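Worksheet: the structure to be examined is printed underneath.
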Amino acid sequence: MNKLDKSSKALMTCDLTNSIISLFGETFLVAYFLQVSNENIVQVSIYYIIIYTLLGLGSLVLGNLMKSMPSKRINIYRVGIIVKSIFILLIVLFKENINQYFMIFAIFYGIAEALYWSAHDVMNIEIVDNTNRKQYMTTKRILGKLINIVFPIILGTSIELTSFINIAIYIFILTLIQIIISFNVDSNKFVTEGSKDKYSLKNYINNLSQEQKTKLNKIYKLAFIYGIMMDTIRVLVVIITIMTFKTSLNLGILTTMFAICSIISLYMFNKLYQKKYAKMVLSLCSILIVLGVMGLILNISKSTLILYNFIYSITIYILEVMFKIKADDTVKEYCIQNWIVEYHTFIEGFMDIGRITGFLLMLIIGLLNNIIYFKLLLLIVTICIPIYSIIMYKVENN
């Protein structure tokens with residue numbers, strides 16, 4: 001197994017810094033939105049629909065630039081961080097009035113995410129080799145969960161003792177540190193033979209063999225379901241938690257507790273997982289999550305919510321890492337290195353269609369304003385997990 005080089009470590013450090021920023025900008029911002037909007041789920045849904053629409057469109061629009069000017073990918077990445085820092089500054093300036101201008105915040109965050117992830121996901125495939133991708137992904141996830149052990153309590157306590165806005169100032173400083181770290185990524189790694197080709201989704205499709213198309217279609221299906229289950233469930237869990245436990249401190253404590261569970265499960269996955277165990281791992285994760293959500297459907301209480309979060313934390317991130325590893329390994333496995341940007345555009349597009357689908361359902365549930373429909377949505381997105389597991393098993397055994 002190859003050691004991670006300077007660029008890989010720098011990219012990972014940027015990602016881990018981004019984990020803290022996202023923890024604030026998503027988990028605690030959702031809690032803040034619910035607080036200042038009197039638990040308006042419709043507003044939260046529209047917020048995320050705007051973000052993921054811009055993320056998908058951004059990947060499409062940026063594709064040509066990403067392919068024709070590969071050495072500039074790191075610059076696009078940095079611009080994404082800068083836009084996100086402006087997003088944090090807007091929170092500081094607007095304070096509790098963000099409720100009235102949430103669409104502006106969604107637009108800024110969507111643009112920042114499009115710039116950041118369009119560049120990041122392509123760079124990630126080229127910087128990290130297939131031989132050490134599992135090490136890279138699981139190490140990053142474990143360190144990310146260590147961050148989630150410490151920072152939720154720090155953020156939750158700080159928000160309760162001071163204010164959401166005061167903490168935003170410190171998060172803004174983190175974005176500046178992230179920009180500095182990004183200068184350790186070597187831009188020469190992105191100059192490939194494929195860069196000489198013109199960016200074209202049509203040519204990408206036409207140049208694929210029938211066998212490649214069949215295999216890639218399974219990856220695209222996974223991306224779509226991944227978008228529904230990962231992001232919709234994540235926001236649903238935050239909404240249910242903040243409505244049940246009320247304070248940011250409680251949200252922080254619970255997030256920390258479940259991060260510890262995630263670290264243990266990811267560590268075991270990294271040490272023990274082999275393809276021959278795919279069926280057992282995927283089946284176990286699916287069964288546990290479905291059983292956990294049944295408890296919530298029967299009765300949303302503190303005990304059933306804690307039980308569900310425990311199950312969610314030890315299973316969902318294994319499913320996530322499996323997808324991330326396979327999606328990145330696919331480029332070399334299916335010999336599409338010259339079409340890496342087009343491939344990423346399709347992956348991001350299908351994920352965002354899945355995300356938008358999930359949040360459109362959440363929007364409808366918010367308009368209906370009935371707990372029964374809320375539970376139904378939780379069941380629908382949870383059913384996606386066994387479907388995802390079946391497809392993932394087929395992909396792993398190609």
Side-chain angles (χ1 to χ4, degrees), residues 117 121 124-125 128 130-142 144-145 208 211-234 236-237 261-262 264-293 311-336 343-344 346-355 357-358 378-398:
W117 291 111
D121 288 348
N124 186 69
I125 292 171
V128 184
N130 282 20
T131 57
N132 56 20
R133 196 174 303 283
K134 189 174 85 165
Q135 178 199 9
Y136 177 88
M137 289 300 301
T138 51
T139 300
K140 186 174 77 171
R141 286 299 175 194
I142 288 170
K145 291 305 163 187
L208 293 173
E211 182 183 5
Q212 285 175 315
K213 288 178 181 177
T214 300
K215 291 179 177 179
L216 287 169
N217 283 339
K218 292 177 184 176
I219 301 294
Y220 299 148
K221 287 177 184 177
L222 280 176
F224 172 75
I225 299 172
Y226 176 95
I228 294 178
M229 72 180 199
M230 286 303 302
D231 292 277
T232 311
I233 292 178
R234 174 179 54 79
L236 278 172
V237 168
C261 299
S262 298
I264 296 170
S265 67
L266 285 170
Y267 177 80
M268 292 176 65
F269 173 81
N270 186 39
K271 288 293 183 182
L272 304 175
Y273 179 74
Q274 298 176 33
K275 282 189 177 183
K276 63 182 179 181
Y277 301 134
K279 186 174 183 179
M280 180 185 70
V281 171
L282 291 165
S283 298
L284 183 62
C285 288
S286 299
I287 292 168
L288 286 173
I289 292 180
V290 171
L291 289 175
V293 83
I311 293 171
Y312 175 88
S313 63
I314 64 173
T315 55
I316 200 72
Y317 295 106
I318 289 176
L319 300 179
E320 179 189 21
V321 167
M322 288 180 74
F323 172 74
K324 292 290 187 181
I325 292 170
K326 193 63 186 179
D328 287 353
D329 282 351
T330 291
V331 173
K332 289 184 179 178
E333 286 180 4
Y334 298 172
C335 302
I336 53 173
Y343 167 73
H344 170 260
F346 270 92
I347 289 290
E348 187 61 53
F350 277 104
M351 278 198 294
D352 290 326
I353 291 170
R355 290 159 171 161
T357 301
L378 192 58
L379 178 62
I380 290 171
V381 294
T382 301
I383 288 172
C384 289
I385 293 175
I387 298 171
Y388 168 93
S389 297
I390 291 169
I391 300 172
M392 176 58 79
Y393 176 69
K394 291 178 181 177
V395 169
E396 284 282 71
N397 285 273
N398 270 346

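Small disclaimer: the values here were computed from a predicted structure and weren't measured.
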Test side chain to side chain contact (heavy atoms under 4.5 Å, CB included) applied to Ile385 and Val290, step by step: CA-CA 8 Å; Ile385 293 175; Val290 171; 5.9 Å; no

Does the Tyr388 side chain pair with the main chain of Leu319, one donor and one acceptor, at a distance under 3.5 Å?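 Yes, because the side chain of Tyr388 sits within donor-acceptor range (under 3.5 Å) of the backbone of Leu319.
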
With heavy-atom distances below 4.5 Å as the criterion, would you say the side chains of Lys326 and Glu333 are in contact?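 In contact.
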
Kindly compute the distance separating [atom1] ([X]) from [atom2] ([Y]), expressed to the nearest 0.5 Å.
| X | Y | atom1 | atom2 | answer |
| --- | --- | --- | --- | --- |
| Ile383 | Ser286 | CD1 | OG | 12.0 Å |
| Glu320 | Phe323 | CD | CZ | 9.5 Å |
| Ile390 | Lys279 | CD1 | NZ | 10.5 Å |
| Asp329 | Tyr334 | CG | OH | 10.0 Å |
| Thr315 | Ile289 | OG1 | CD1 | 3.0 Å |
| Met322 | Cys285 | CE | SG | 8.0 Å |

Which atom pair, heavy atoms only, marks the closest approach of [X] to [Y]?
| X | Y | answer |
| --- | --- | --- |
| Lys324 | Tyr226 | CE-OH, 3.3 Å |
| Leu378 | Thr382 | O-OG1, 2.6 Å |
| Cys384 | Ile228 | SG-CG2, 3.8 Å |
| Thr232 | Gly358 | OG1-CA, 3.3 Å |

In terms of relative ring orientation, are Tyr312 and Tyr317 parallel, tilted or perpendicular, with 30° and 60° separating the classes?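 Because their plane-to-plane angle is over 60°, the rings of Tyr312 and Tyr317 count as perpendicular.
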
Could Arg355 and Asp352 be called an ion pair, given the rule that one side-chain N must be under 4.0 Å from one carboxylate O?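 Answer for the salt bridge query: yes.
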
Given Ile391, which partner from the list Leu222, Asn217, Ile219 fulfils the side-chain contact (heavy atoms from CB on, under 4.5 Å) test?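 That would be Leu222; it is the only one of Leu222, Asn217, Ile219 passing the side-chain contact (heavy atoms from CB on, under 4.5 Å) with Ile391.
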
Residue pair Tyr343, Leu216: steps toward the side chain to side chain contact (heavy atoms under 4.5 Å, CB included) verdict: CA-CA 9 Å; Tyr343 167 73; Leu216 287 169; 3.8 Å; yes

